[in-house]
K.L.:
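First, the structure itself, so that you have it in front of you.
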Amino acid sequence: MLDLKYLRDHLEQAEQRLATRGGAIDLTNFRELERQRRDLLGQSETLKAEKNRVSALIGQTKDKSQVKDEIVRMKDVSAQIKSLDDKLRQVNDDLQAILMTVPNLPHEDCPVGSSEEDNVEVRVWGEKPSFAFEPKAHWDIGEGLDILDFERGVKLTGARFTLYKGAGARLERALINFMLDLHTEQHKYVEMLPPFMVNRDSMTGTGQLPKFEEDLFHVEGPDYFLIPTAEVPVTNIHRDEILAADQLPLNYTAYTPCFRKEAGAHGRDTRGLIRQHQFNKVELVKFVRPEESDAELAKLLGHAETVLQQLKLPYRVVDLCTGDIGFSAARTFDIEVWLPGQGLYREISSCSNFRDFQARRAAIRYRPQDGAKAELVHTLNGSGLAVGRTLLAILENYQQADGSVVVPEVLRAYMGGLERITGQ
RNA sequence: GGAGAGAUGGCCGAGUCGGCUGAAGGCGCUCGCCUGCUAAGCGAGUGUACGGGGUAAACCCGUACCGAGGGUUCGAAUCCCUCUCUCUCCGCCA
């Protein structure tokens with residue numbers, strides 16, 4: 001959510017910046033509503049001041065017959081106030097509704113562009129493996145080794161659900177533990193294990209609601225949603241809180257499954273593990289001082305890259321352009337892993353600086369000094385990494401001519417010493 | 001699921017038969033004084049949001065906020081209704 005005052009005072013400037021995201025954002029309504037709001041507020045408060053003054057007078061008067069006229073008059077004033085406040089509430093709701101659907105302003109260093117095509121490749125890491133045979137796609141490798149069962153996943157639930165078996169299940173679990181250990185022990189993040197369902201306030205706090213409800217799984221009964229990413233519960237840990245300055249930066253990591261409807265992705269990535277309704281992810285979340293958020297994004301990105309470097313998986317880093325960054329983000333770097341089975345780079349991590357956009361929605365503040373006014377923190381997060389996609393990247397990059405898959409060295413300790421996954 | 005208790009400021013905690021309570025008292029914190037250091041002591045101050053004035057700020061005026069929403073009343077932290085959450089006991093249960 002953008003700052004109401006900022007938007008009011010810099011409307012045209014804001015509209016121009018938002019236009020670089022593509023898709024017109026119409027704020028003409030906004031100015032008129034804001035004018036009405038101030039007008040109604042002024043009228044209502046003037047009457048309230050009058051009412052408070054006279055009511056105090058009535059209270060002090062012993063003989064109520066002396067103030068009979070005042071009491072009658074105040075009755076009328078109260079009715080007027082009620083009517084003004086009703087209108088005001090309506091205007092405020094409309095204003096809030098607009099504000100909640102306006103995306104974040106892109107960071108001034110964010111490359112301007114209209115689509116994926118305009119994203120900027122920042123760096124490339126690692127050697128793409130070369131094969132003496134035609135490298136297979138991970139779904140063929142996984143089925144060949146009987147460690148991924150796509151058909152039974154569909155039987156159990158439906159499309160875009162997969163059953164992991166044996167060494168496949170173990171590899172997924174090994175990756176989760178490896179990533180969590182790396183981030184907690186080497187990068188000094190605090191591990192969290194949050195609820196996998198959250199309420200509407202939490203979804204609103206990070207920006208999934210009200211705009212993207214159709215992407216979320218909602219449960220029957222209570223008004224809860226399955227989380228689409230750990231970003232939601234972990235960022236909302238400090239919703240409605242004022243943090244002490246010396247606590248910052250706060251660095252949290254969490255493993256959670258993620259649930260996404262993938263509405264609008266019909267027919268895309270229908271094979272394999274790329275796009276699932278349920279997938280595992282280890283997330284990194286930071287709460288930082290505003291002046292440090294750019295530097296913290298660089299660190300966060302580095303922490304995510306370390307995972308791929310230790311797994312020796314080739315990747316590249318892409319600076320997303322204004323047309324491609326998410327609703328709540330001001331700046332986003334994607335990490336894309338090389339998939340030889342498909343001959344392309346695929347997103348495996350997305351690291352973003354939200355600045356104060358989420359913090360304002362979720363009321364996450366800090367006190368720069370004792371006694372000073374509380375200010376909004378900046379929030380950041382990134383995948384460190386998407387586990388399913390990491391697993392499939394391992395299958396494709398570490399595949400052998402005989403159909404087996406070599407286990408990356410750093411994972412062997414997590415796999416009971418297993419060096420190679422072979423068929424049964 | 002059954003029975004009961006409760007939700008007040010950064011924290012603890014008081015609020016009488018509705019008015020003079022933004023809210024006693026304490027802790028914490030800030031500034032000043034005192035003190036050889038520490039501890040203690042003394043004095044003053046110490047919520048947030050929004051609107052208006054002044055604007056570099058300080059500051060001044062007004063309004064709202066005592067879990068959330070609604071109602072009664074000239075006037076509600078105080079009365080009524082609904083909801084949410086927390087706690088205790090019983091039952092059930094991984």
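Naming convention: chains lettered A, B, ... in sequence-line order (proteins, then strands); numbering from 1 in each chain. Quick note: numbers below take in every heavy atom, side chains included, and nothing from hydrogens, waters or symmetry partners.
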K.L.:
For atom CD of Glu214(A), is the number of surrounding heavy atoms from other residues, nucleotides or ligands below 6.0 Å larger than 12?
P.N.:
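Enclosed.
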K.L.:
By the 4.0 Å heavy-atom rule, please label Lys5(A) as base, sugar-phosphate, or nothing.
P.N.:
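Sugar-phosphate, no base atom in range.
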K.L.:
Check whether Glu336(A) reaches the backbone of Val317(A) with its side chain - one donor and one acceptor, N or O, closer than 3.5 Å.
P.N.:
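Side chain of Glu336(A) to backbone of Val317(A), a donor-acceptor pair under 3.5 Å: no, none is there.
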K.L.:
Whole-Å distance between rG51(B) C1' and Glu34(A) CD?
P.N.:
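Distance check: Glu34(A) CD to rG51(B) C1' gives 11 Å.
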K.L.:
Looking only at the aromatic ring of each residue, does the gap between the centers of Phe287(A) and His238(A) stay below 6.0 angstrom?
P.N.:
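Yes, the ring centres sit under 6.0 Å apart.
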K.L.:
Just call it for Ile58(A): base, sugar-phosphate, or nothing, with non-hydrogen atoms closer than 4.0 Å on any strand.
P.N.:
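Contact class for Ile58(A): base.
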K.L.:
Taking any strand in view, what nucleotide pairs with rC85(B) in a Watson-Crick or G-U wobble way, both distances under 3.5 Å?
P.N.:
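Base partner found: rG6(B).
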K.L.:
Work out how far the C1' atom of rA64(B) is from that of rA23(B), and round it to whole angstrom.
P.N.:
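The answer is 15 Å between these two C1' atoms.
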K.L.:
Hunt down the Watson-Crick or G-U wobble partner of rG91(B), both distances under 3.5 Å, from any strand shown, or write none.
P.N.:
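rG91(B) is unpaired by these criteria.
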K.L.:
Separation of Glu375(A) atom CD from rA49(B) atom C1', in whole Å?
P.N.:
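Checked: the CD to C1' distance equals 16 Å.
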K.L.:
OP1 or OP2 of rC74(B) sitting under 4.0 Å from any side-chain N/O of Lys75(A)?
P.N.:
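Checking rC74(B) against Lys75(A), a side-chain N or O does come within under 4.0 Å of OP1 or OP2.
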K.L.:
Provide the distance between the two P atoms, one in rU73(B) and one in rA49(B), to the nearest whole Å.
P.N.:
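These two P atoms come out 35 Å apart once rounded.
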K.L.:
Under 4.5 Å between any side-chain heavy atoms of Lys75(A) and Glu70(A), yes or no?
P.N.:
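Lys75(A) vs Glu70(A): side chains apart.
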K.L.:
Between rC81(B) and rC29(B), how far is it from one C1' atom to the other, in whole Å?
P.N.:
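Here rC81(B) and rC29(B) have their C1' atoms 41 Å from each other.
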K.L.:
Base, sugar-phosphate, or nothing: which does Arg8(A) touch, judged by heavy atoms less than 4.0 Å apart?
P.N.:
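Answer is sugar-phosphate: Arg8(A) comes under 4.0 Å of backbone atoms only.
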K.L.:
Could you check how far CZ of Arg53(A) sits from C1' of rC20(B), rounded to whole Å?
P.N.:
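It is 16 Å, rounded to the nearest whole Å.
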K.L.:
On RNA chain B, compare the nucleotides closest to Ile71(A) and Arg365(A); which residue's is nearer the 5' end?
P.N.:
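That would be Arg365(A).
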K.L.:
Please report, rounded to the nearest Å, how far the C1' atom of rG75(B) is from the CZ atom of Arg73(A).
P.N.:
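Rounded to whole Å, this separation is 14 Å.
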K.L.:
Determine the interatomic distance between C1' on rC85(B) and the same-named atom on rA24(B); round to the nearest Å.
P.N.:
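It works out to 28 Å between them.
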K.L.:
Any idea which of rC74(B), rU72(B), rC50(B) is nearest the Glu45(A) side chain?
P.N.:
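Looking only at side-chain atoms, Glu45(A) lies closest to rC50(B).
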K.L.:
Out of rG71(B), rG19(B), rG51(B), which nucleotide sits closest to the side chain of Lys82(A)?
P.N.:
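Given the options rG71(B), rG19(B), rG51(B), the side chain of Lys82(A) is closest to rG71(B).
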K.L.:
With both distances under 3.5 angstrom, what nucleotide forms a Watson-Crick or G-U wobble pair with rG62(B)?
P.N.:
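rC50(B) - that is the nucleotide pairing with rG62(B), both distances being under 3.5 Å.
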K.L.:
Going by the rule side-chain hydrogen bond (donor to acceptor under 3.5 Å, both in side chains), which residues pair with Tyr224(A) if we only count those two or more places apart in sequence or in a different chain?
P.N.:
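Scan of Tyr224(A) (side-chain hydrogen bond (donor to acceptor under 3.5 Å, both in side chains), adjacent residues dropped) gives none.
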K.L.:
Looking at rC17(B), which nucleotide sits across from it as a Watson-Crick or G-U wobble partner, both distances under 3.5 angstrom, or is there none?
P.N.:
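Per the H-bond distance test, none.
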K.L.:
Within the 4.0 Å heavy-atom criterion, would you say Ser78(A) contacts the bases, only the backbone, or no part of the nucleic acid?
P.N.:
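Sugar-phosphate contact only - Ser78(A) comes under 4.0 Å of backbone atoms but never of a base.
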K.L.:
With a 3.5 angstrom cut-off on both distances, give the Watson-Crick or G-U wobble partner of rA44(B), or none if there isn't one.
P.N.:
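For rA44(B), the partner nucleotide comes out as rU30(B), under the 3.5 Å rule.
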K.L.:
For rU30(B) versus rC89(B), give the span between their C1' atoms, rounded off to a whole number of Å.
P.N.:
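One C1' to the other, the span is 46 Å.
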K.L.:
From CG of Asn92(A) over to P of rA49(B), roughly how many Å is that when rounded to an integer?
P.N.:
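It works out to 16 Å between those atoms.
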K.L.:
Describe, in one word, how the ring planes of His187(A) and His303(A) are oriented to each other, choosing from parallel (under 30°), tilted (30 to 60°) and perpendicular (over 60°).
P.N.:
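Ring orientation of His187(A) relative to His303(A): parallel.
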K.L.:
Provide, to the nearest angstrom, the distance between the CG atom belonging to Asp85(A) and the P atom belonging to rU63(B).
P.N.:
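It works out to 13 Å between those atoms.
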K.L.:
For the P atoms, the ones on rG43(B) and on rU55(B), what distance do you get once it is rounded to whole angstrom?
P.N.:
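Rounded to whole Å, the distance is 39 Å.
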K.L.:
Scan every strand shown for a Watson-Crick or G-U wobble partner of rA24(B), both distances under 3.5 Å, and answer none if you come up empty.
P.N.:
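Looking at the geometry, rA24(B) pairs with no nucleotide.
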K.L.:
Heavy atoms from C-beta onward define the side chain here; which of rU72(B), rC74(B), rG51(B) lies closest to that of Met74(A)?
P.N.:
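Given the options rU72(B), rC74(B), rG51(B), the side chain of Met74(A) is closest to rC74(B).
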K.L.:
Applying a 3.5 Å limit to both distances, which nucleotide forms a Watson-Crick or G-U wobble pair with rC79(B)?
P.N.:
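With both distances under 3.5 Å, rC79(B) matches rG71(B).
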K.L.:
Taking only the P atom of each, what is the distance from rG25(B) to rC83(B) in whole angstrom?
P.N.:
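Looking at atom P only, rG25(B) and rC83(B) are 38 Å apart.
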K.L.:
Please confirm whether Lys261(A) makes a cation-pi placement over Phe217(A), using NZ or CZ under 6.0 Å from the six-membered ring centre and within 45° of the ring normal.
P.N.:
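Flagged: Lys261(A) positioned over aromatic ring of Phe217(A).
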K.L.:
Considering only heavy atoms from C-beta outward, does the side chain of Val405(A) approach that of Gln400(A) to under 4.5 Å?
P.N.:
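The answer is no; the side chains never approach within 4.5 Å.
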K.L.:
Roughly how many Å is it from CD in Glu70(A) to P in rU73(B), rounded to a whole number?
P.N.:
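Going from CD in Glu70(A) over to P in rU73(B) covers 19 Å.
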K.L.:
Taking atom C1' in both rC20(B) and rU35(B), what distance in whole Å separates the two?
P.N.:
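Going atom to atom, C1' in each nucleotide, I get 42 Å.
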K.L.:
What nucleotide among rU63(B), rG51(B), rC74(B) has an atom nearest to a side-chain atom of Ala49(A)?
P.N.:
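Taking heavy atoms from C-beta onward, the closest nucleotide is rU63(B).
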K.L.:
Please pick, from rC74(B), rA64(B), rG52(B), the nucleotide with the shortest atom-to-atom distance to any side-chain atom of Arg38(A).
P.N.:
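Of all the options, the side chain of Arg38(A) is nearest to rG52(B).
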K.L.:
In Watson-Crick or G-U wobble terms, both distances under 3.5 Å, what is the partner of rC37(B)?
P.N.:
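The base-pairing partner of rC37(B), which may sit in any strand shown, does not exist here.
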K.L.:
Arg37(A) side chain N/O closer than 4.0 Å to the phosphate oxygens (OP1, OP2) of rG51(B)?
P.N.:
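Checking rG51(B) against Arg37(A), a side-chain N or O does come within under 4.0 Å of OP1 or OP2.
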K.L.:
NZ of Lys48(A) versus P of rC74(B): gap in Å, rounded?
P.N.:
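About 18 Å, once rounded to whole Å.
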K.L.:
When you get a sec, tell me which of rG62(B), rA64(B), rC74(B) is the closest nucleotide to the side chain of Asn52(A)?
P.N.:
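Comparing rG62(B), rA64(B), rC74(B) against the side chain of Asn52(A), the answer is rA64(B).
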